[in-house]
Amino acid sequence: MSQATDLYCVMGNPVAHSRSPAIHARFAELTGEHLVYERRLVALDGFAEGVHDFAAQGGRGCNVTVPFKTEAPLLATHCSERVQLAGAANTLAFRPDGSIHCDNTDGLGLVADITRNAGVALQGASVLLVGAGGAAAGVLGPLLQAGARHITIANRTLAKAQALVQSHQALAKELGAQLAASTLAAVSGDFDVVINATASSLAGDAVPVAASVLRPGSLAYDMMYGPAAQGFLDWAAAQGAVPRDGLGMLVEQAAEAFAFWRGVRPPSAQVLAELQAQLALQPH
Ligand code: ATR
């Protein structure tokens with residue numbers, strides 16, 4: 001007997017580069033879930049229309065990528081606590097009663113990749129989060145919830161780091177963690193984990209913090225992957241740190257979205273290993 005196929009997509013502008021369709025297709029294959037996952041390019045001023053059209057066409061849910069993550073919660077009827085804290089969502093689910101639920105799985109993906117795939121404990125860790133834009137905002141709450149003890153947010157524009165500290169202060173207090181804001185130049189000391197959440201690697205600029213933030217064995221994580229992350233990874237390796245790119249975060253945030261929609265957890269470590277092997281074969 002044939003089963004109905006459910007429709008999902010990733011919406012963004014640009015969206016052609018997205019690996020999400022391939023990742024979700026593989027998850028579906030490995031879990032036996034029946035779904036189709038497309039790419040949808042929507043006009044910069046057409047996100048709300050794109051979402052409503054997709055839902056009207058029978059879409060069951062979508063991922064949201066640049067530049068719509070902060071607009072996404074405005075369309076939802078129910079936002080998770082993570083979305084409220086981050087002010088951004090990357091996953092929407094369209095329920096049969098017409099309600100739209102949203103979540104932000106980016107931070108969960110980062111935490112899962114660091115703790116499960118890289119095997120690095122966040123419980124009690126000191127963390128330097130470089131950047132205070134949307135990418136940093138999306139992961140700060142989950143880093144706190146994973147048990148990071150001290151988190152310093154360093155950003156070119158200090159006021160944005162301070163705003164993130166303020167919006168997460170109550171959660172940090174509740175968890176017994178400490179948050180600090182800093183300029184890039186003023187960061188001092190070294191950290192167990194350094195996370196690059198700036199767009200600086202995309203622009204090909206130098207790593208914006210002093211190498212002394214790393215010590216041998218620190219985890220140095222770039223939320224980008226591929227050529228965009230290479231400068232940061234090389235810099236980290238030269239300090240004796242353990243470099244890691246954001247491919248695992250990409251797969252794990254997709255796995256969280258898949259579980260949010262389908263109630264089934266896909267074998268994300270297997271899919272990450274497959275993707276790493278595929279990328280290693282591609283010419284740079
Ligand atoms: P995203 O959603 O990827 O986080 P964003 O919200 O535009 O994008 O944030 C970009 C982040 O990269 C910010 O922290 C930005 O610093 P500012 O807040 O000072 O703008 C940081 N960034 C971008 N280019 C940078 C550069 N050349 N050097 C240092 N930081 C940079």
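Here, residue 1 is the first one in the sequence, and each next residue gets the next number. What you see below is based on every heavy atom in this structure, not just the backbone, and it leaves out hydrogens, waters and symmetry mates. Because the structure is a prediction, the values reported are computed rather than measured.
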Non-hydrogen side-chain atoms of Arg244 and Leu219 separated by less than 4.5 Å: yes

Pi-cation contact, Phe260 with Arg95 (under 6.0 Å, within 45°): yes

Would you say that Gln239 contacts Arg215 through its side chain, given a criterion of any heavy-atom pair below 4.5 Å between the two side chains? no

Is there a side-chain hydrogen bond (donor to acceptor under 3.5 Å, both in side chains) between Asp234 and Gln230 once you walk through the steps? CA-CA 6 Å; Asp234 292 346; Gln230 203 56 52; 2.9 Å; yes

Consider ring pair (Phe, Tyr, Trp, His ring centres under 6.0 Å). Of Phe258, Tyr8, Trp261, Tyr37, which one does Phe27 pass it with? Phe258

Backbone N/O of Ala88 and side chain of Asn104: donor-acceptor pair under 3.5 Å: yes

Out of curiosity, Arg40 CZ to Ser18 OG, how far, rounded to the nearest 0.5 Å? 14.0 Å

Tell me, do Asn13 and Val66 make a side-chain contact under 4.5 Å, heavy atoms counted? no

If I take atom CG from residue Asn117 and atom OG1 from residue Thr115, how far apart are they, to the nearest 0.5 angstrom? 8.0 Å

I'd like to know whether Val51 forms a side chain to side chain contact (heavy atoms under 4.5 Å, CB included) with Leu92, so could you lay out the CA-CA distance, the side-chain angles of the two residues, the decisive distance to 0.1 Å, and finally the verdict. CA-CA 9 Å; Val51 167; Leu92 298 176; 4.1 Å; yes

Report the C-alpha separation of Glu274 and Gln278 in whole Å, then their side-chain angles, then the decisive distance to 0.1 Å, and conclude whether the side-chain hydrogen bond (donor to acceptor under 3.5 Å, both in side chains) test is met. CA-CA 6 Å; Glu274 290 172 0; Gln278 269 170 31; 5.7 Å; no

Please check if the number of heavy atoms outside Glu49 that lie under 6.0 Å from its CD is greater than 12. no

Transitive ILVMFWY side-chain link Val83 to Leu171, under 4.5 Å: no

What I'd like to find out is whether the side chain of Leu184 reaches to under 4.5 Å of the side chain of Pro208, using heavy atoms alone. yes

How many angstroms lie between CG in Asp222 and CE in Met249, if you round to the nearest 0.5 Å? 10.5 Å

Is the backbone of Leu250 close enough, under 3.5 Å, to the side chain of Gln253 for a donor and an acceptor to pair up by distance? yes

Stepwise side chain to side chain contact (heavy atoms under 4.5 Å, CB included) check, Leu275 with Val251: CA-CA 9 Å; Leu275 206 49; Val251 173; 3.7 Å; yes

Contact summary for Leu30 and Gln270, nearest pair of heavy atoms: CD2-NE2, 3.7 Å

Listing, residues 158-169 side-chain donor-acceptor contacts under 3.5 Å, not counting sequence neighbours, or none:
from: Ser167; atom 1: OG; to: Ala163; atom 2: O; distance (Å): 3.2
from: Ser167; atom 1: OG; to: Leu164; atom 2: O; distance (Å): 3.1
from: His168; atom 1: ND1; to: Leu164; atom 2: O; distance (Å): 3.1

Side-chain (Ser218) to main-chain (Phe191) donor-acceptor, under 3.5 angstrom: yes

In chain order, what residues pass the ring pair (Phe, Tyr, Trp, His ring centres under 6.0 Å) check against His52, with sequence neighbours excluded? none

Calculate, to the nearest 0.5 Å, the distance between atoms CD and SG belonging to Gln57 and Cys9 respectively. 9.0 Å

Is any side-chain heavy atom of Val111 closer than 4.5 Å to a side-chain heavy atom of Glu252? no

Of all the heavy-atom pairs spanning Val42 and Gly46, show the shortest one and how long it is. CB-O, 4.2 Å

Looking only at non-hydrogen atoms, find the nearest pair between Phe232 and Val194 and report the distance. CZ-O, 4.2 Å

List the steps, then state whether side chain to side chain contact (heavy atoms under 4.5 Å, CB included) holds for Val120 with Tyr221. CA-CA 11 Å; Val120 172; Tyr221 198 104; over 6 Å; no

If you count the non-hydrogen atoms of other residues, nucleotides and ligands that lie under 6.0 Å from CD in Glu71, is the total more than 12? yes

Which residues share a salt bridge (Lys or Arg N to Asp or Glu O under 4.0 Å) with Arg60, sequence neighbours left out: Asp6

Can you hop from Leu122 to Met223 via hydrophobic side chains spaced under 4.5 Å? yes

Side-chain heavy atoms of Pro142 within contact of Arg82, under 4.5 Å: yes

Decide side chain to side chain contact (heavy atoms under 4.5 Å, CB included) for Asp113 and Leu272; before the verdict, give the C-alpha distance in whole Å, the side-chain angles of both, and the deciding distance to 0.1 Å. CA-CA 10 Å; Asp113 191 45; Leu272 173 58; 3.9 Å; yes

By side-chain contact (heavy atoms from CB on, under 4.5 Å) - contacts of Ala186 (at least two apart): Ser182, Thr183

Which residues pass the ring pair (Phe, Tyr, Trp, His ring centres under 6.0 Å) test with Phe47, sequence neighbours left out? Phe68

Do Leu129 and Thr152 have side chains that approach each other closer than 4.5 Å (heavy atoms only, starting at C-beta)? no

In short, Gly217 meets Val242 closest at the heavy-atom pair O-CG2, 4.0 Å

Is Tyr225 reachable from Val271 through a run of hydrophobic residues whose side-chain heavy atoms are each under 4.5 Å from the next? yes

Which of Leu143, Val139, Val130 passes side chain to side chain contact (heavy atoms under 4.5 Å, CB included) with Ile195? It is Leu143

Check Leu144 against Ala177 and note the closest heavy-atom contact, atom names and distance. CD2-CB, 3.7 Å

Find the distance between NE2 (His78) and SG (Cys102) and round it off to the nearest 0.5 Å. 10.5 Å

Walk me through whether Asp106 and Lys69 qualify under salt bridge (charged side-chain N to carboxylate O under 4.0 Å, His left out). CA-CA 11 Å; Asp106 286 334; Lys69 288 186 185 183; 2.8 Å; yes

Under a plain distance cut-off of 3.5 Å, with no hydrogens placed, do Thr91 and Asp103 share a side-chain donor-acceptor pair? no

Cluster overlap Val213 with Val127, hydrophobic side-chain contacts below 4.5 Å: no

Asn90 side chain vs Thr105 backbone, donor-acceptor pair below 3.5 Å: yes

Decide yes or no for Pro21 and Val10: does some side-chain heavy atom of the first lie under 4.5 Å from some side-chain heavy atom of the second? yes

Would Ile151 end up clustered with Leu128 when hydrophobic side chains under 4.5 Å apart are linked, directly or stepwise? no

For atom CZ of Arg149, is the number of surrounding heavy atoms from other residues, nucleotides or ligands below 6.0 Å larger than 12? no

State which residues pass ring pair (Phe, Tyr, Trp, His ring centres under 6.0 Å) with His150; sequence neighbours excluded, sorted by chain then number. none

Ser20 side, atom OG; Asn63 side, atom CG - distance, nearest 0.5 Å: 5.5 Å

If every non-hydrogen atom of Ile23 is compared with every non-hydrogen atom of Ala254, which pair is closest and at what distance? CG2-CB, 3.8 Å

